[in-house]
Q: 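Below you'll find the structure I mean.
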Amino acid sequence: MPSATFSCPKCQVALVIEPGITEVASTCPDCASFIEAYFFPAFFRPTQVGLTPAALIDHTEASCFYHPQKQALQVCDGCGRLICALCSVDLGTEHLCPACISTGKKKGKITNLEDNRMRYDSIALSLAVFGMLFYILAIFLAPAAIYMAIRHWNSPGSLLGVSKTRFVIAILIAIGTLLFWIAMVGVLISHPGK
């Protein structure tokens, strides 16, 4: 097994631990604070992606904090809890447990976790349809729909992978509505008395 590192709780300097060492009681070489730590074999295992949680075989093995019947494979980088393959969430270079993901999202500490996006395609389509239905407001809503579709054409779409079809439909409806308005104004100008 390769050696592993853990951070001093006070100064965050990386300390190297050789495999087979189960406990450390010493001072930090940088800040001289006392460190007492216990290590299970899961701490020295390399990161494994896409595994199913293994059942706990031996009483000397560490178990998952959330699934006591499952073998621990990782240490959560957020709280230090031992977690199984089912609980380990790889977020960048960190391995976090579900509680740290939830807490980090609520407190705003995790900024690269995206669970929603603005649906600009739906906004553009709604503006175009409302402009078509409420023809008095179409003079404002149709250009707004065209602007929204063109401005956000390359913005990230839905997390569900919707195509650019709604943008195209919004642009076509808005152009059709504007052409209708232009035709109506042309008719009113050319035949003012009728």
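Numbers here are sequence positions counted from 1.
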Q: Show, in sequence, the C-alpha distance, side-chain angles and deciding distance for H152 and F167, and conclude whether the side chain to side chain contact (heavy atoms under 4.5 Å, CB included) test is met.
A: CA-CA 9 Å; H152 295 289; F167 280 137; 4.2 Å; yes
Q: Between R81 and Y66, does a side-chain hydrogen bond (donor to acceptor under 3.5 Å, both in side chains) hold up when you go through it step by step?
A: CA-CA 9 Å; R81 291 178 179 150; Y66 300 101; 2.8 Å; yes
Q: Kindly indicate, with the supporting measurements, whether the criterion side chain to side chain contact (heavy atoms under 4.5 Å, CB included) is fulfilled by L96 and C76.
A: CA-CA 5 Å; L96 300 173; C76 175; 4.2 Å; yes
Q: Is there a donor-acceptor contact under 3.5 Å from the side chain of S88 to the main chain of A85?
A: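 Not confirmed, S88 side chain does not pair with A85 backbone.
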Q: Do D77 and H95 pass the side-chain hydrogen bond (donor to acceptor under 3.5 Å, both in side chains) test, and can you show the C-alpha distance, the side-chain angles, and the key distance before you say yes or no?
A: CA-CA 6 Å; D77 292 329; H95 305 284; 5.1 Å; no
Q: With hydrophobic residues grouped by side-chain heavy-atom distances under 4.5 Å, do I173 and F134 end up in a single group?
A: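 Yes: a chain of side-chain contacts under 4.5 Å links I173 to F134.
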Q: Linking I/L/V/M/F/W/Y whenever any side-chain heavy atoms sit under 4.5 Å apart, do F130 and I171 land together?
A: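 No; I171 is not reachable from F130 via cluster members.
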Q: Side-chain heavy atoms nearer than 4.5 Å, only ILVMFWY residues, links allowed to pass through others: does that put L137 and V129 together?
A: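 Yes; V129 is reachable from L137 via cluster members.
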Q: Side chains of I123 and M118: closer than 4.5 Å at any heavy-atom pair?
A: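 The answer is yes; the side chains approach within 4.5 Å.
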Q: Out of curiosity, Q71 CD to I83 CD1, how far, rounded to the nearest 0.5 Å?
A: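 Here the rounded value is 13.5 Å.
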Q: Might you point out which heavy atoms bring Y38 and E23 nearest each other, and give the distance in Å?
A: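 Scanning both residues completely, I find the closest heavy atoms to be CD2-CB, 3.5 Å.
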Q: Looking only at non-hydrogen atoms, find the nearest pair between V13 and C28 and report the distance.
A: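 Closest approach of V13 to C28: CG1-SG, 3.5 Å.
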Q: Roughly how far, to the nearest 0.5 Å, is the CG atom of L141 from the CD1 atom of I136?
A: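 Result: 11.5 Å between the selected atoms.
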Q: I want to check something: taking the side chain as every heavy atom from C-beta on, are R166 and S122 in contact at a cut-off of under 4.5 Å?
A: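 They are in contact (side-chain heavy atoms under 4.5 Å apart), so the answer is yes.
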Q: Answer whether the closest heavy-atom distance between the side chains of T27 and I35 falls below 4.5 Å.
A: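 T27 does not reach I35 side chain to side chain.
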Q: C64 and C87: which non-hydrogen atoms are nearest, and at how many Å?
A: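 Nearest pair, atom of C64 first, then C87: SG-SG, 3.7 Å.
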Q: Identify the heavy atoms of S26 and V24 that sit nearest to each other, and give their distance.
A: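 Looks like OG-CG1, 3.7 Å.
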Q: Group every Ile, Leu, Val, Met, Phe, Trp and Tyr by side-chain heavy-atom contacts under 4.5 Å, then state whether L172 and L125 land in the same group.
A: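 Per the 4.5 Å side-chain linkage, L172 and L125 are co-clustered.
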Q: Under a 4.5 Å cut-off applied to non-hydrogen side-chain atoms, are L178 and I146 in contact?
A: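 Yes, at least one pair of side-chain atoms sits under 4.5 Å.
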Q: Tell me whether K164 contacts the main-chain N or O of W153 through its side chain, where contact means a donor paired with an acceptor under 3.5 Å.
A: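 Present.
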Q: Which pair of heavy atoms, one from C97 and one from C79, lies closest together, and at what distance?
A: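 Closest pair (atom of C97, atom of C79, distance): SG-SG, 3.8 Å.
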Q: Measure from the side-chain N and O atoms of S102 to the backbone N and O of P98, and report whether any donor-acceptor pair falls under 3.5 Å.
A: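 A pair under 3.5 Å: no.
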Q: Might you work through the side chain to side chain contact (heavy atoms under 4.5 Å, CB included) test for C8 and D30, ending with a clear yes or no?
A: CA-CA 9 Å; C8 170; D30 272 16; over 6 Å; no
Q: Kindly give the heavy-atom pair with the smallest separation between A62 and L82, and that separation in Å.
A: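 Scanning both residues, the minimum pair turns out to be CB-CD1, 3.4 Å.
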Q: Would a hydrophobic clustering, with Ile, Leu, Val, Met, Phe, Trp and Tyr connected at side-chain separations under 4.5 Å, put L15 with V75?
A: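 Yes; V75 is reachable from L15 via cluster members.
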Q: Check for a donor-acceptor pair, side chain of W181 on one end and backbone N or O of Y135 on the other, with a separation under 3.5 Å.
A: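 Here the side-chain-to-backbone pair exists.
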